[in-house]
Structure formats: C-alpha cells, structure tokens
Protein chains: 2
Amino acid sequence: MNDLESATSKRMKRDRSATLSENLRRSLEEMIVSGTLTPGERLDEMEIAERFKVSRTPVREALKALAAVGLVEMSGRQGLTVSAVSIPTLLEMFQLMAELEGLHARLAARRARQDHKDRLISTHEQLSDVLKRGDPQLFYDVNREFHEAIYDASQSEFLADQTRTLRRRVAPYRRYVTFQPGRMTATITEHQLILNAILVADADTAQRAARDHVNLLGDNLADFIASLPPGMTRRSA
Amino acid sequence: MNDLESATSKRMKRDRSATLSENLRRSLEEMIVSGTLTPGERLDEMEIAERFKVSRTPVREALKALAAVGLVEMSGRQGLTVSAVSIPTLLEMFQLMAELEGLHARLAARRARQDHKDRLISTHEQLSDVLKRGDPQLFYDVNREFHEAIYDASQSEFLADQTRTLRRRVAPYRRYVTFQPGRMTATITEHQLILNAILVADADTAQRAARDHVNLLGDNLADFIASLPPGMTRRSA
DNA sequence: AAATTATTGTTTGCATGCAAACTCCATGTT
DNA sequence: AACATGGAGTTTGCATGCAAACAATAATTT
C-alpha cells in the first residue's frame, strides 16, 4: 500500500483509454482535422509506425477506424490516403451540417434550462470579444465552444456525436471559410439571431437561423472555391 | 499463358474488395443488422476467428471498423459487445432519420428525372403488391428499395451514405416496428404522399411527408417499447 | 466461517514474420 | 524506337507468438 509504489508505471496502464491504437487514432484524427495531414496525402503504415515508435498493428487498427468514419480512404491494396472530398460532396456536407445544427437549435430552444442559457450568453460574449482582438485561431475555437453550448442545451447526445463527426470531416476545409474577410463579423450577427431565438424559446426561428448560418458558411466556401484558379481544387497540399 | 493456370487461386485474390477483414466486416455487420447477433451480446475475438477460419488480426480490424461506426462497443479491455442503444438514444436516431429522409425527399422533388420517377412508381406499386401477400420480410426489403429510390433521385451520394449508416444502426430495432399490426398499410399510404409530392415537384410537401413518415415509425417504436414489461428494455438478448 | 490473498485461465493488445500483390525500372524483342 | 516482359523493391494483408490485464476459483489466514 505504498503511495510511491501505486504511482509507478503499473498505474499508467490502468488508464482505460490508453491503448496505443486508440491514442494513435486520436492523434492521427487531430492531425487530419487540423490540416497537418492534408487531404489526398498518402499514409504509409511503416512511416507512421516509426514516427510513433510502435508496430504496424496498432497503426493499422487506428487507420481502419478512421477509414470507417470516412477520414481516410483505403482503395484496395494501393495504400491509404487522407480523404479528399470533391466539391459537390463538400457542399452536401455543409447542407447536412445545416440541418443538424438547425435541429440542435430547435431542440435547444425548447429544452434549454437557465444554466444552458447562461453558458450560451457568456460564450457568445466571449466570441464577440475575440472578434475585436482579431485572432482567427482563437475565434475558431471559441466559435466551436458556442456550437457545443447549443448541443449541450439541446440535450441530444447522439445527435451531437453525429454533428461532431461531420464537423471533423469538414474541418480541413472549413478553415478556408473561417478566415474569409467579413465572415467573423457575420458569424457574430448570425449567432445573435440563434441566441435570441433560443432565449425566447422560439423553436422555428432558432432552427431557421442556425440552418441559415451554416448554409451561409457553405456559400462562402463555394465562393472561395470558385475564386480559386482551376486545378487548385484537385491539389490540396 | 495457360488458361487453366490463369484461372487458378491467383485470380481469387485479384478481387479488390477481397480482404478478409473487409469481408468479415460486412458479414458481422449483416449479422448485427439482421439480428443474428443481438444488442448487448459479447463478441469474442477468438470465437469469431475460429468460426470464420481466420486469424484474430482481420477479426480485430473488422471489429475496429464496426466500433468506429457505433455498431459495436469496446469498453476498455473487458471485451466487445454489440451496441445496445438506450431508448432515448433510439428516439434520437429516428428523429435524425426523419430529417435525413425529409431532406432526401425535398431534393428528390427538385431533382428527380423521369427515370427516377419511373423507378419510384414501380417500386411503390411493387410494395403495394407485397402488402397483399403479407410477407413481412419481403415487405421490409422492398420498402428499403423504395427509400433507396428516393436517395437515388435526390442525387446526394454523401447524404445517402450517412442515411444508410444510420439505417443500419437502427435496423436491429426497426424490425419490431415493421411487424406491428397496421404499420405496413400505413406505410403504403405515407409513401403515396411522398411519391405524389415528388412527382409534382412539391419540395416542401415531400420533405414534410417523408419526415412525418419516419417520425410515425419512431412513435410506433415508442408505443411498442412502452407496451413491453419493464426491464424488458434492458436485456436485449 | 468469512475475508483476503494466490493462482490459474481466459482474453485482449501489441510485435514480429512471412507471403502475396503492387510499383517501377530495366532489359529484351519486334 | 516503342512496347512488352521480367525482376527487384516496396507495401500491404494476415498469421503467429508473447506479455499484460482481467476474471474466477482455490487456498490460506484470522
């Protein structure tokens, strides 16, 4: 029963989520979502294994899991790549995101308790502050916080999971939109509409506002893509 | 260049999707979706490996993939189980399904070409015929065909993928609803409404009709669950 | 007899090894 | 010279083996 002994390496393994493959999955997912690994990039099992100092087995398991969610693609034996989604698919993703966020907002308007509302309000104010400071990365993060607050208020865990999964899939592209001029300001305005509707429990308005908010994001993305020189859409590195 | 030789076992491996783990994933998924493996049931790696005459490696990869989609759960080292979803989660799933199907119907109403419409009509008629014969399993399958026809007409592949994935997740429970008295007849009526709206390109009506259709399913499920003796909802074997 | 510890067995997680298949380059043939 | 053919190297897919962890039972102690 020695305190020192119980804190040794044995305890390390006790951590439930401490399987190598699970940690790898998280790491790789983060790298894909954050753009460190770019869409279309080849993923070499051995390379990753060496990089993380593990064998290929947990690497393969992690990649299998990511492939099942659609973040990586395995086309037969010719190797794995970070999923590169086509423009039409990307627009579909935003369309679906719009519906999901709309549904969350609708449910939030109906179910939000006072603590949920408080969190929404404070997060929204926080985001307004960040806007003035003009830190895009921070804005990106706090913006996510605001949406998480809506998911929380909607009290729909499964729906939230689905939404987060989709969110991660569009994340590599979403950054292009977030940093568009005027988008951050517009976001604040749009959030305000959603927030107000939730606060007064106007489900229809909340749903519409949230849906429109994401659809505008999609439009911005489409605009951005259209402004790119042709061919730029294939290469994503 | 011997014909006989080129047709030997070497050719077998040429099939792109012929990796053991992929085939296993399909098989296990089918078993879960069809109810052969029941929610909550323990999945033993070795047992499955022996059953399919393969090593544990592809089994583990298949299970990892299924876990990523939510069909199986792996809680730490204490083994994997077929996912058992709680009642509230199940209702959330139907709610989301309703939105997805609604979106498909909306898009289908806007985009369906004549060939899509033909397929919808013929599938609908087919389902009506099946109703008279009273074969629940066949009804289940043709019903799926009708919905597939809608996905096809909506021309949204990604959305269709997402819908199918969710469909598979609720499949183990959906059967209870399909076989409820009166449900099949009601389904035909509801499909008719969706079909009519799509044929006349009335997007709003199509969306509402499809959404209501799935929501009614959810209601039926909720009724069925409520009619079960308490405690019956936990154990699912 | 009850509780705690030992121990055995089962099951998962990971590493390693091997073979099949793909890629690419070089050599050869027409 | 162009195309086909062959082979080396790379990469994936799967099997096997081992060790750590969990589960359950047996044994020991109080």
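Within every chain, numbering begins at 1; the chains are lettered A, B, ... in the order of the sequence lines, protein sequences first and strands thereafter.
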Minimal non-hydrogen separation, B:F94 against B:N215, with atom names: O-OD1, 4.4 Å
Suppose we screen for ring pair (Phe, Tyr, Trp, His ring centres under 6.0 Å). Which residues come up paired with B:F158, at least two apart in sequence or across chains? none
Is the closest side-chain donor-acceptor distance between B:Q155 and B:R110 under 3.5 Å? no
Which residues satisfy the side chain to side chain contact (heavy atoms under 4.5 Å, CB included) test with B:V69, sequence neighbours excluded? A:A68, B:T165
Under a 4.0 Å heavy-atom cut-off, which of residues 59-68 of chain B touch DNA chain C? B:R60
For a quick test of reading the model: is some side-chain N or O of A:S21 closer than 4.0 Å to OP1 or OP2 of C:dC14? yes
Set of ring pair (Phe, Tyr, Trp, His ring centres under 6.0 Å) partners for A:Y151, sequence neighbours left out: A:H104
Under the salt bridge (Lys or Arg N to Asp or Glu O under 4.0 Å) rule, collect the residues that match up with A:R174, sequence neighbours excluded. none
Does A:D219 have any side chain to side chain contact (heavy atoms under 4.5 Å, CB included) partners at least two apart in sequence or in another chain, and if so, which? A:L216
Over how many whole Å does the gap from A:E47 atom CD to D:dT10 atom C1' extend? 13 Å
A:E45, nearest nucleotide to its side chain (from D:dT12, C:dT11, D:dC14): D:dT12
How close or far is atom C1' of D:dC14 from atom CD of B:E22, stated in whole angstroms? 15 Å
For A:F224, check ring pair (Phe, Tyr, Trp, His ring centres under 6.0 Å) against everything at least two apart and list the hits. A:Y176
Between CG of A:L80 and P of C:dC22 the distance, given in whole Å, is 15 Å
Using five base pairs at each end, measure the axis-to-axis angle across the helix from C:dA1-D:dT30 to C:dT30-D:dA1 and round it to 10 degrees. 10°
Which residues pass the ring pair (Phe, Tyr, Trp, His ring centres under 6.0 Å) test with A:H213, sequence neighbours left out? A:H147, A:H191
Protein-nucleotides 16-19 of chain D N/O pairs under 3.5 Å:
residue: D:dT16; atom: O4; partner: B:T57; partner atom: OG1; Å: 3.4

Checking A:D161 now: which residues fulfil side chain to side chain contact (heavy atoms under 4.5 Å, CB included) with it, not counting sequence neighbours? A:E157, A:R164
How is B:L24 classified with respect to the nucleic acid when contacts are heavy atoms under 4.0 Å: base, sugar-phosphate, or nothing? nothing
Whole-Å distance separating the CG atom of B:D44 from the P atom of D:dA23: 14 Å
Pairs in or reaching into residues 57-66 of chain A: which pass side chain to side chain donor-acceptor pair (under 3.5 Å), with residues at least two apart or in two chains? A:E45-A:R60, A:R60-B:E61, A:E61-B:R60, A:K64-B:S21
In terms of side-chain heavy atoms of A:M46, which of D:dT12, D:dC14, C:dT12 is nearest? D:dT12
